[in-house]
Amino acid sequence: MRFDTVIKNGTVVTATDTCAADVGIVGDKISAIAAQLPTEGATKIIDAKGCYVMPGGIDVHTHLDMPFGGTTSADDFQTGTIAAAFGGTTTLIDFAIQYKGQTLRTAFDAWMKKADGKAATDYAFHCIITDLKNAQLEEMGALVREGVSSFKLFMAYPGVFMLDDATIFKAMSQAAKHNGLICMHAENGGAIDVIVQRALAEGKKSPKYHALTRPTTAEAEATSRAIALAEMAGAPVYIVHLSCNDALEKVREARDRGVAAYAETCPQYLFLSLENMDAPGFEGAKYVFTPPLREKWHQEKLWQGLAKDTLQMVSTDHCPFCYKEQKEMGKDDFTKIPNGGPGIEHRLSLVYTGGVHGGRFSPNRFVQLVSTGPAKLFGLYPRKGTVAVGSDADVIVFDPNFEQTISAKTHHMRVDYSMFEGIRTKGAPKVVMSRGRVVIENDKFVGRAGAGQFLRRQTYTGL
Ligand code: URP
Ligand code: ZN
Ligand code: ZN
């Protein structure tokens with residue numbers, strides 16, 4: 001038995017098991033897991049003593065190279081996948097946007113071009129639908145067959161992305177027919193718009209009003225409506241970037257009734273709060289994204305949601321805009337601040353710190369939340385999302401005791417600030433592999449831009 005790479009002396013942690021074992025890799029696949037594997041002839045031997053050997057992270061919610069709010073998100077598929085890899089994430093699912101009047105295929109082709117030759121790790125796409133005539137309804141099945149098996153719809157951003165209930169219901173019915181999954185941005189965009197216009201008329205234009213004009217009730221109402229529409233359509237629904245207890249309660253109630261409702265939250269809602277928006281001057285703009293930051297007490301509710309499976313995963317909603325020049329576009333009016341925040345790099349360290357070191361869940365649950373759950377729900381399992389013979393060798397050697405302080409001075413995202421500046425984390429990847437190739441080692445990127453492959457995802461089969 002000869003391996004290209006052997007990872008020795010580590011503890012393999014999957015979503016279900018923990019065991020001391022070596023991992024042997026041949027080509028781009030894991031080919032053996034055993035107590036002692038031979039190293040003769042191996043090109044590379046990695047010593048994982050004191051570390052966990054885990055599947056690479058899967059981030060199902062990123063916006064790389066995305067035009068939005070009059071500008072474009074600051075990371076492209078090269079800088080974004082490299083920053084993700086530094087943090088132990090080896091697969092992304094990004095969003096291809098269909099603009100009004102376009103076919104869904106146009107969106108898919110455009111985003112395939114953006115990623116091609118740039119992505120350093122593997123990637124897949126959801127399709128954002130903004131215009132659903134009969135022709136696009138017909139196209140949904142074709143996209144699912146090509147591996148784009150999920151669609152994001154918006155209940156917010158009237159006039160830009162927002163769809164009405166009839167269109168949402170049609171899209172859900174069509175997704176159900178083709179075993180696709182609907183991802184929902186759940187905020188009541190109509191009501192929010194009225195509140196926003198009132199605030200502007202009263203001269204309330206600073207960044208904090210972005211948060212104060214988007215109440216938790218608007219998120220809870222839309223979450224409840226999305227679930228009701230999905231139930232009527234006989235479709236599963238996945239609520240993206242859930243931020244508050246009010247919406248969490250709607251998901252919990254539906255799941256208790258056996259409804260196929262799923263939800264993610266993001267590190268910003270677990271670690272930051274409305275207080276961050278009181279940063280001096282215009283700095284609150286660094287935290288302008290939707291849904292907005294909430295009062296601090298919601299954080300523990302979200303952590304408990306992750307522990308109790310009301311929430312099934314943590315994604316980042318990475319949508320970076322530089323403070324200088326991009327966020328500054330809204331200096332005199334919060335509605336002109338491009339919505340989004342950078343987070344692709346620190347998801348694993350943050351979730352491990354708060355979740356495992358915080359005593360809220362086990363390392364196995366951590367793997368489920370950042371890798372296995374995303375792989376299963378979004379049709380990538382067992383190729384991705386686990387350490388098993390035959391799976392892609394997307395493997396991280398994770399040191400559970402490595403401490404660092406997050407800072408824009410040391411991060412690898414192409415953005416001039418960090419949302420998590422100064423936060424101390426414990427637990428970080430030391431070695432990161434993508435399909436058998438080491439991409440991060442000794443705190444350096446040693447992979448290749450363009451080596452990432454597009455992943456055709458399977459249809460929805462549950463979690
Ligand atoms: O503010 C955000 N979340 N920007 C990205 C787009 C979205 O709604 O996910
Ligand atoms: Zn959204
Ligand atoms: Zn998003």
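In listed order, ligands and their atoms are each counted from 1.
- Nearest non-hydrogen protein atom to atom 1 (O) of ligand 1 is Thr290 N, 2.8 Å.
- For Lys376 and Tyr381, the positive end sits near the middle of the six-membered ring, less than 6.0 Å away and at most 45° from its axis.
- Backbone or side-chain N, O or S atoms of Cys319 do not reach the Zn ion (ligand 3) at under 2.8 Å.
- In this structure, Phe95 falls outside the shell of residues with a heavy atom less than 4.0 angstrom from ligand 1.
- At least one side-chain heavy atom of Val60 sits less than 4.5 Å from a side-chain heavy atom of Pro374.
- Taking 4.5 Å as the limit, every side-chain heavy atom of Val356 sits out of range of all side-chain heavy atoms of Lys426.
- The protein heavy-atom contact nearest to atom 8 (O) of ligand 1 is His185 ND1, 3.0 Å.
- For the residue pair Asp94 / Thr62, a side-chain donor-acceptor distance below 3.5 Å is found, with atom types taken as modelled.
- If you look at His318 next to ligand 1, there are no close heavy atoms at all, none under 4.0 Å.
- A ring-centre distance under 6.0 Å is found for His241 and His61.
- Between Phe68 and Phe161, the two ring planes are parallel [angle under 30°; tilted spans 30° to 60°].
- At the shortest separation from atom 4 (N) of ligand 1 among protein heavy atoms lies Asn339 O, 3.2 Å.
- Aromatic ring centres of His185 and Phe154 lie closer together than 6.0 Å.
- Legend: residues meeting ring-ring contact (aromatic ring centres under 6.0 Å, His included) with Tyr52, ordered by chain and number and at least two apart, are absent.
- Counting protein heavy atoms only, atom 7 (C) of ligand 1 is closest to Lys152 NZ, 3.4 Å.
- Contact annotation: the side chain of Val432 never approaches that of Phe86 to less than 4.5 Å [non-hydrogen atoms, C-beta and beyond].
- Residue Asp317 has at least one heavy-atom neighbour below 4.0 Å for each of these atoms of ligand 1: 2 (C), 3 (N), 5 (C), 9 (O).
- Taking the six-membered ring for Trp and the full ring otherwise, the centers of Tyr262 and Tyr238 sit at least 6.0 Å from each other.
- In the vicinity of Phe154, heavy-atom distances shorter than 4.0 Å reach the ligand 1 atoms 8 (O).
- When ring centroids are compared, Trp303 and Phe271 come within the 6.0 Å threshold.
- Shown in contact with His63 at under 4.0 Å from a heavy atom are these atoms of ligand 1, numbered in order with element: 5 (C), 6 (C), 7 (C), 9 (O).
- Listed by atom number, the atoms of ligand 1 under 4.0 Å from Phe289 heavy atoms are 1 (O).
- The atom name of the N/O/S atom in His61 closest to the Zn ion (ligand 3) is NE2.
- Protein atoms that are N, O or S and lie under 2.8 Å from the Zn ion (ligand 2) are these: Lys152 NZ, His185 ND1, His241 NE2.
- Of all the atoms in ligand 1, the ones that sit under 4.0 Å from a non-hydrogen atom of His61 are 9 (O).
- Between Tyr460 and Phe378, a ring centre-to-centre spacing not shorter than 6.0 Å is recorded.
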